[in-house]
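Just below is one structure, and these are the notes that go with it.
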Amino acid sequence: MRRTFINHLTELAKENKNIFLLVGDVGYNVVEKFKNYFPDRFLNVGVAEQNMTSIAAGLASEGYHVFTYSIANFPTFRCAEQIRNDVDYHNLPVTVVSVGGGVGYGNLGYSHHAIQDYGLMRMMPNFKIASPGDLNEVKSVLNYLTKNPQPSYLRLGINNEHKYTVNKKNIIPGKWYPLSLNKGHENVVLSTGTSLKWVMNNIERFKNKDIFTLPIWGMSEKKKQRSIASKFSSIITVEDHLYDCGFGSWLIESLQISGTNRKIQSLALPIETTNMVSSEENILKKMKTYN
Amino acid sequence: MSNKVIKKLANKIRLDLLKMIFNSKSSHIASCLSIVDLLAVLYGKKIIKFNPNKPYLSDRDIFILSKGHAAAALYAVLANVGYFSKRKLLEYGSDNSNFMAHASHKVPGVEFSTGSLGHGLPIACGLAVAKKRKKLSNYIYVINSDGEMAEGSNWEAILFASHHKLDNLILIIDYNKLQSFDSVENTLGIEPMKDKFLSFGWNVYEIDGHNYKSIEQVLLTCKSSKGKPKCIIANTLKGKGISFMENKVEWHYKNPNKIEFDQAVKELIL
């Protein structure tokens, strides 16, 4: 996903002269392409994520659309207040990019497990959360974000080089997108982010259900959910994130706000996984159903 | 503008902020008073390139008050140089007003909202890079408090600014030696501050932060010197201008009562 991200960002930056990439001393053998094309719109700020995020706010206030790029929790939790005060409150076009969303860096340990990041980024009123499920969605959400520069979070998986979804020309935030294999079932699975890979690897669990993705969501997209959800009899949300403050609970809150009581189950990571150091595949075996 | 006129401007700012803080029963009066003379020179002598009629003109210098708790001083100077009517200052600290008690970007002339310390200098680094990349010759000014220098994010920015030779960045440290609870020395000693900045690769200047001539001269020197970011350590007196507030920790938070207010007005009018 990260290579697709950099390649596509580089392509977009050829036309869009405002795109600026900051990296927090990560991206070896990945980000060089952008750096070589656009040395004037690239900076490695060093291992200093608080500074990186505030620098992004400063650059953005001068007209750039800034991407801050780092791993797991470093561009989010480490600099949460800079995101809140400097980017979100000033409504500046900064896209925070995290590589290794979920447990893609499973064996590297808890410091590298981004399993509470939705919870943090969901609390930012102006932020859109872009969590692509595959390579096609990486391109689609980037197209949207660069056409609509705004505070945003782009969560990339590390072990997902698949194409499950169809290309979407003009992606709409808050909208659910069906997979082409869907048969028109009333019972559906709604996945966001790279957990789509887990859904596809466990597709036998979801017989007689259609699969949807929700690639762009966030606080501002809650109101749209009622009319979409009302079309289905039951919904199972899927995320590679702790259940608490995650994607499933966002959907439940969204429907509660609008007064809809719909049967929702959530598949998410239980608390026990915070003590696991293992491969992504093994950690995701612990996915638990929350009713 | 002569230094006599700057003195009058500084006095007006002090009177304005005193009234604002007294009326709203808010804190940080001493933190405001220590930077008034710096602000009076920056804006009164037009060291900062600004146009109150076109506050968002792209060809402008940018000022960030990183010690956002001194917002009353900033609002007062902005009103006195024409960004908005002085009547607006009466809104300070009242319900639903943009003139909140920490610097707010919703007030014309305030570039960034601050209030949590350690944000202004890193933002200024981004602005300074942007100006350089766009080949604009504007300067970025930041005022930090001395206690604020304990925030680690400042030191990330101090490293960054010298590495990238951000000579369009001018940091002024309001070195009044007192923070909210005790002296800086007793809390987390910062000395030798000058040596710290020198070793980080900055140009450093030490001045009396209440001497108009020194303030003007050092700012002009900063603007003309090339190759390094600049730090001005401005030795100031917390509470400057109101005798019973000077160099007293409690006036970081305390709000003057009517008797104290009247006495302060008398001192400022004399």
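Since we're looking at a predicted model, the values are computed, not measured. Throughout, a chain's letter reflects where its sequence line sits, starting with A, and its residues are numbered from 1.
- Side-chain N/O atoms of A:Thr95 and A:His65 include a donor and acceptor closer than 3.5 Å.
- Counting heavy-atom pairs under 4.5 Å between each of A:Ser61, A:Ala48, A:Ala57 and chain B puts A:Ala48 at the top.
- The part of A:Glu49 that comes within reach of chain B is its backbone (N, CA, C, O), which places non-hydrogen atoms under 4.5 angstrom from that chain.
- No part of B:Leu121 comes within reach of chain A, as not one of its non-hydrogen atoms sits under 4.5 angstrom from that chain.
- Neither the backbone nor the side chain of A:Leu22 has a heavy atom closer than 4.5 Å to any heavy atom of chain B.
- Ranking B:Ser116, B:Gly120, B:Pro122 against chain A, the residue ahead of the rest is B:Pro122, based on heavy-atom pairs under 4.5 Å.
- Side chain to side chain, B:Ser97 and B:Glu91 meet the donor-acceptor criterion of an N or O pair below 3.5 Å.
- Checked against a 6.0 Å centroid threshold, the rings of B:Phe197 and B:Trp155 count as neighbours.
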(Q) Under the criterion side chain to side chain contact (heavy atoms under 4.5 Å, CB included), I'd like the reasoning laid out for B:Ser66 against B:Leu117: C-alpha separation, chi angles, the key distance, then a yes or no. (A) CA-CA 6 Å; B:Ser66 192; B:Leu117 299 172; 5.5 Å; no
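- Residue B:Lys132: no heavy atom, backbone or side chain, is found under 4.5 Å from chain A.
- A side-chain donor from one of B:Asn154 and B:Asn144 sits under 3.5 Å from a side-chain acceptor of the other.
- With respect to chain A, the highest number of heavy-atom pairs below 4.5 Å among B:Lys134, B:His119, B:His164, B:Lys131 belongs to B:His119.
- A donor-acceptor pair shorter than 3.5 Å cannot be found between the side chains of A:Trp217 and A:Ser254.
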